[in-house]
Amino acid sequence: MKLKHVIALYIIASLLFCKPLVAELKTIQLITMGGAITGTQKDALSGKFKLSSRSAETLVAGNIEILELADIKFKELFNIPSQEITTEHWIKLAKEVDKAVNNITNDAVIITHGTDTLEETAYFLNLTIKTKKPIIITGAIRAALHPSSDSTQNLIDSIRVATHPNASNKGVLVVANGKIISARQIQKNYNHSLDALESSEIGILGYVHNEIIDFHTASIKKHTLYSEFDIKTIEDLPTVDIAYAYSGGLSANLKNKVNGLIIAGVGSGNISKKNIAILKKLQKNNIQIVRSTRNIGAPLYSTIGSEINDKYLEFVSSNNLSPQKARILLMLALHKTKDPNKIRSYFENH
Ligand code: ASP
C-alpha cells in the first residue's frame, strides 16, 4: 500500500471513530412571541420600540456568536406586543411548549416575550406543562436594536441557564438582568429601568454572571410536574375578571357574565361593607370570589382575626398572588371544580 493510501485511510478512520474534543451542544427550542426583545427602534434616537418583521434575525443581530452556545431551533409563534396576549394565546403557546418538551431531541425551551404581561404567561406555563426540562422565559426593556439594549444579554443568560443541569425540575424560570426568578414570583415592577423584571418579597432564585449560573434557592409551591393542571386537558378557560377596590368603592363591571371575580382589595384584601353584600350575592350565584390585594407582593390570609370571614362567605384568599396571577389560578381551578374548599386548597399550594 502506498503512503498516500495509508494517510487517506488514517484520515477516514479518525473521522469515523474519533470522538470530537468539543462537548456536544444542547438543543433548545426557542419560541418568539413578540415584544421589545425581538423589536427594532422606530428611528435611531427616539427610543420608541417597534415590532420587527424578522423577529428571529433581529434577536441574534446583536451578537451572532450566541448561536455557538447551543443548537437553537427558532419558531415565531406570534409577533405581538404582550398587552395583546389573551387566554387563547396562552393555550396555543402552552400546547407548543408541551410538544417541544415531549420531543426527545430537545433539551430545553426558551420563550421570548414582551415584558408587560410576561409574568402572566410565565405563571400559566408554570401551572400547566408537565416536564422536568428547563423552560425559560425572557424579555427586554429596550428593543433588540436599541443602542444599549438588554435583549442580547438576556438571551445569552437564558441560553446559559437553559443548558445548565441545575435548571431542571425548577418550574418555569424567568431570566432577566442577571437574575433567575421563579414564574410564581416574577413581576414587572418598573416601566423603564433595566431591573424592571423582579421578584416579589420572596426573592430571586439565583444569579447569572457570564458563564457562572449560581442557584441559591427554589420555589416549593406546586409547579409543572407537581401542579394539579395539565395543558393536555385544556381547550378553553372560564371567564374571570378583576375588580379594583378603592376607598369606599369597587370598580366591578358586573354586567359582564363571569365565572369568577378577583378583588384587588385594599390592605389585606379588604372591601367596603356595601360591596361585600354585593359580592356575597354573586358568590351565592356561583361566581367564585377571590380576594387579592392592590399592595404589590404582600400576602393575605384568612385568619380568625381577618376583617372578612372567607369561610362563612365562601370566598377564597389569594396568598401572595397578585390579582393578575390569582386570575390565572382561578381560571384553571374553575376548569376543574366549583367547590370553594377545593379552590382554596389550590390557592394554598400553587
Ligand atoms: N409593550 C411591550 C410588550 O410588552 C413592551 C416590552 O416588550 O417590554 O410587548
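Everything numeric in this text was worked out from a predicted model, so none of it was measured. Atoms within each ligand, like the ligands themselves, are counted from 1 in listed order.
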**Request:** Decide, yes or no, whether a salt bridge links D71 with K26 under the criterion of side-chain N to carboxylate O below 4.0 Å.
**Result:** no
**Message:** Polar contacts were defined as any N/O atom of the residue lying under 3.5 Å from an N/O atom of the ligand; does this apply to A36 and ligand 1?
**Reply:** yes
**Asked** Atoms of ligand 1 less than 4.0 Å from F49 heavy atoms?
**Response** 2 (C)
**Request:** Give a yes/no on ligand 1: does A140 have at least one heavy atom closer than 4.0 angstrom to it?
**Result:** yes
**Prompt:** Is it true that K75 and E96 have a side-chain N and a carboxylate O under 4.0 angstrom from each other?
**Reply:** yes
**Prompt:** Relative to the ring of F78, is the ring of H89 parallel (under 30°), tilted (30 to 60°) or perpendicular (over 60°)?
**Reply:** perpendicular
**Request:** May I ask you to say whether D107 pairs ionically with K133, meaning some side-chain N is under 4.0 Å from a carboxylate O?
**Result:** no
**Fill in**
Taking only non-hydrogen atoms of P81 and a 4.0 Å limit, the atoms of ligand 1 in range are 9 (O)
**Asked** Of the non-hydrogen atoms in K222 and E228, which two are nearest, and what is the gap between them?
**Response** NZ-OE2, 3.1 Å
**Message:** Give me the residue, atom name and distance of the protein heavy atom closest to atom 9 (O) of ligand 1.
**Reply:** S82 N, 2.7 Å
**Message:** If the cut-off is 4.0 Å to any non-hydrogen atom of G35, which atoms of ligand 1 fall inside it?
**Reply:** 7 (O), 9 (O)
**Y207 six-ring centre to K179 NZ/CZ under 6.0 Å and within 45° of normal** = no
**Message:** Check this for me - ligand 1, D116, N or O atoms closer than 3.5 angstrom, yes or no?
**Reply:** yes
**Residue, atom name and distance, where the atom is the protein heavy atom closest to atom 8 (O) of ligand 1** = T115 OG1, 2.5 Å
**Message:** Test your reading of the structure: does H113 have an N or O sitting under 3.5 Å from an N or O of ligand 1?
**Reply:** no
**Pair K95 + E235: basic N to acidic O under 4.0 Å** = yes
